[in-house]
Amino acid sequence: MGPSGDGTPQIRVNRNTAQRPEETSEAFEDRTLSAIFKVTKKPLEYLLSCWKRVMRLYKGFKKTKPNDPKYEVVKEARRLCLSYCIFAATMPEMFGLDTPHSSPLKPHLLQEPDCNLGLCHDFLSEALQRAEEDDTIIPAFVSAVEEMSRDASTMTLNDDYKPHMMALRRLVRFPALAVAITESPTFNLDVGADKFETATLLGPWFKMSPLQKEITMSYFSSPKTRDQGSIISAQRAMRMTQQLHSSDLLDIINHLVRASKAARERVLDWFAASVNINHKRRALQTNPEEVSTDGFMFNITTCLDQLCEPFMDAAFTKIDRIDLNYLRRNPRVQIKDETKINADQKASDEFYSETLEGESNFISEIFFLTVAAHHYGSESLTTLMEQLEKDLRHMQAQIDKFESERPKWAGNPAQARLFEEALKKYKDRLDFGLAFKYSLQGLLLDELWQTRSMQFMRYVIVWMLRVVSGRDFPKEPLELPLPATEPDAFKCLPEYFLDDVVSNFKFIMWNMPQIVTSTQGDELIMLCITFLQSSEYIKNPYLKAGLITILFCGTWRRPNGARGALVDLLNSMPFANKHLLHALLKFYIEAEFTGTHTQFFDKFNIRLEIFQIIKCIWPNAIYRDQLSNEAQKNSEFFVRFVNLLLNDVTFVLDESFTAFLAIHDTQVSLRQGGDEMDENQRQEKEEQLAAAQGRAKSYMQLTNETVTMLKLFTEALADSFTMPEIVQRLADMLNYNLDAMVGPKSANLRVDNLESYHFRPRALLSEIVDVYLNLMGKDNFILAVARDGRSYKPANFDKAAEILNKWALKPQDDMIKWDKLKAQVKKAKEADDQAEEDLGEIPDEFLGSLLHRPIQATKRLLMCFLDPLMFTLMEDPVVLPSSKVSIDRSTIRSHLLSDPNDPFNRAPLKIEDVLPDTDLKAKIEAFKTERKAAKLAVTKPTTGNPDAMDTTPG
């Protein structure tokens, strides 16, 4: 025996048996055991080194000399050595050591297994085999894990955390240890969200993330000075770090859940607790001190996603294992206070008040946990990133403002110092915010992670479609509309089931559409169309609007010319060909009344996206045929859609032109009298200008898209746009806007930088002219244009022709049609004027315009339902049952398309409720007959003199 390199005694085996006499068994035993029992200052270190040397002897004898008597000595030495190692680990006081707050095993677990002081696999296996006889062994290992967890709670990915991670990974490979670890009192504690990730046993490992402030700033120091290449490189490195860390976490969890059923249950409890205590993460205002960190929740989501992978096969063979009744069987996931898809709190409480018998399987447990984890974890990060973008812009604006005020403090050193300190703090906050934004992008734009996340969302989609359809989808095809009776189980699902899908795919479609496969796109399109067409299944209008946004992002052409990820599918998929257009038109109508306080403005954003989708699919003849079928077979529905389209065109054009007039006047005022204004006056004018410019930009974009839709639809369906309920309003709107663009006041639309507002006057004029040309074959349209007493001016048609010719905006054939249209309208105007003259003065009671009635209404209400033509003779008078007012049927039909109430007293009203006013109609007919007879009598020649006129009074 001699000293080793570290000063500990070492057994030397004499291999030169030819020169020395063979050692007796007694001598070998004495030498070996005396070495083992030699007491040192670090007994466990020494005993472990002895163990490894004895193991080498043991393996050598076992392989080459299993019958040698010395083999038995080595076996005994191995047994005794292991026993004393266990004594040193579990009873250090036996060797005179006092370590009440430190685990003797921990330093050795943190060493590499193959090094002299590490705990190799053989040692762990042998020690755990003794655990059945010695109940102190497993607790000693658990104590070491608990201490490593406490160490890790103060670490970040920048620290030397890897030995702790590797040690835990090695230990959980032994089922007995894995079970014991989950039985630790610290494995799952009843603590708040802010302490959960540091106090529970697994929490510290899940807490480590690139989103920790120290890590973020190390990857993106001085973020404002970095170029795009540097940012992308850092994000790539960050993703690799996160992927490796996620792999380690998954390995640990996998071994824990496979160790035993009891261990699996405790792991599920821990995941459920991490989700349940973090409901506040989705509050409108979140206090970071009251919730778990972003990195912790991201790791929870990632790990659960990967646990789902084994049952998420492409053929959905295990999807029927996801139990719909899970949430009624003492679920781990708490949903009582969550908003439900289509049920109020009372209905939800009643549904879940009945607890069902039985146990939930592991697939159901993981599925529902993962949906919740996405809601409070990764999907909350996408929301955070959107808000962060706004906050950063605001912070930069504030810093710019502060910078401009620096000269104010130049003469006061004390104030200047305070100013600079405050400004530096603000800049530091901006730097961290910018670095954090880059970190979020680095994680959320990881294609590997998003592909896995999207695969899970695909399962959620298919599962929800199975629930609402009652079919074995996807084995059985999906049929629309959905059943009239909505399943209670779906109504009472947490709203985040659909919200997660919408949030996930909106982000992917906008930021990384290249990862969407055609299969995933099929089911996503089915989901969007299904819940847009059967929108009554969903209560939240913003969720339904989110479905539109997904389709919009999927059809939007990128600035680089790339087509949307869903374009080909929407054009080729039979389900979309059959149902998409109706679903879009239906939600276009529903968007008029979303029930929110911002519904008036929300509808324009929704409809803008619908227009983009329709423009994308319009070249497909299947969809144009679908539109024609809608107009013919479902005329009430289609007329209502057309009416709202006209409302939108009227409103956005009027708002756009009003904004341009305000811009023009303000710019002229600033140019002419700006030098004479005081600072407050000038600032007020500039604020007015900025507000008008903002309105012009947003409304002009809406104007362009809405007019384009009107052009496309009138080209395809002239008959539908010239129905009695809408033809006059359409003609009035076209005349009004033609007058605004080419009439005397058009000069006031000229403002600086027109293109910056998306205002292209010549292109807009060309499209308005196209609408006229599309409808010129309809006599009632020609008459309606002529009857517009407010805006029809022959000079406007001449001026439009002059502009079209000057800029060669139309081919010659169209210009010939335009001239023909002018002549037709002029002729119709003359004939109508003559007919009106023939009728003479019409009694007030025969006039059907709402403007004639004593009604108090706002400008916006009038715009929605009033026929702009004043004092028209009623053709088919009806009596409104509540207000008892007589009005022309076509006028009230037009009104009810936009507003389901009596315009005179706001009582609910349907067109079926109105009553024919037969007495008034008879009077009108008699009046018309009398006037025609009188006119005929005046113009009838006498028999004696053909040139004489009958002057008998009418």
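Numbers here simply count residues along the sequence, with the first being 1. Keep in mind that what you see is a predicted model, and the values were worked out from it rather than measured.
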*Report yes or no: does S439 contribute a side-chain atom to a donor-acceptor pair with the main-chain N or O of A435 at less than 3.5 Å?*
yes

*Side-chain contact test, heavy atoms from C-beta onward, threshold under 4.5 Å: evaluate it for E609 versus L551 and give yes or no.*
no

*Decide yes or no for M385 and F507: does some side-chain heavy atom of the first lie under 4.5 Å from some side-chain heavy atom of the second?*
yes

*Return the minimal non-hydrogen interatomic distance between H758 and N704, and the atom names on each side.*
O-ND2, 2.8 Å

*T666 backbone acceptor or donor facing S669 side chain under 3.5 Å*: no

*Kindly indicate whether the side chain of E590, heavy atoms from C-beta on, has any atom under 4.5 Å from the side chain of K544.*
yes

*Does the distance from a Lys or Arg side-chain N to an Asp or Glu carboxylate O, for R729 and D732, drop under 4.0 Å?*
no

_Is there a side-chain contact between K810 and W818 in this structure, where contact means two heavy atoms from C-beta onward sitting under 4.5 Å apart?_
no

*Audit row: E686, R682, salt bridge (Lys or Arg N to Asp or Glu O under 4.0 Å) steps and yes/no*: CA-CA 6 Å; E686 288 175 347; R682 186 173 185 85; 3.4 Å; yes

*asked:* Does E592 form a salt bridge (Lys or Arg N to Asp or Glu O under 4.0 Å) with R607? I'd like the steps, not just the answer.
replied: CA-CA 10 Å; E592 186 74 14; R607 289 168 178 174; 2.8 Å; yes

*asked:* I'd like to know if the side chain of T703 reaches the main chain of V649, judged simply by a donor and an acceptor atom lying under 3.5 Å from each other, with no hydrogens or angles considered.
replied: no

*Flag the pair F220 / F436 as yes when their ring centroid distance falls below 6.0 Å, and as no otherwise.*
no

*Can you tell if the side chain of I548 reaches within under 4.5 Å of the side chain of Y588, non-hydrogen atoms only?*
no

*Apply side chain to side chain contact (heavy atoms under 4.5 Å, CB included) to the pair L653 and L764, showing each step before the final yes or no.*
CA-CA 10 Å; L653 275 168; L764 182 59; 4.1 Å; yes

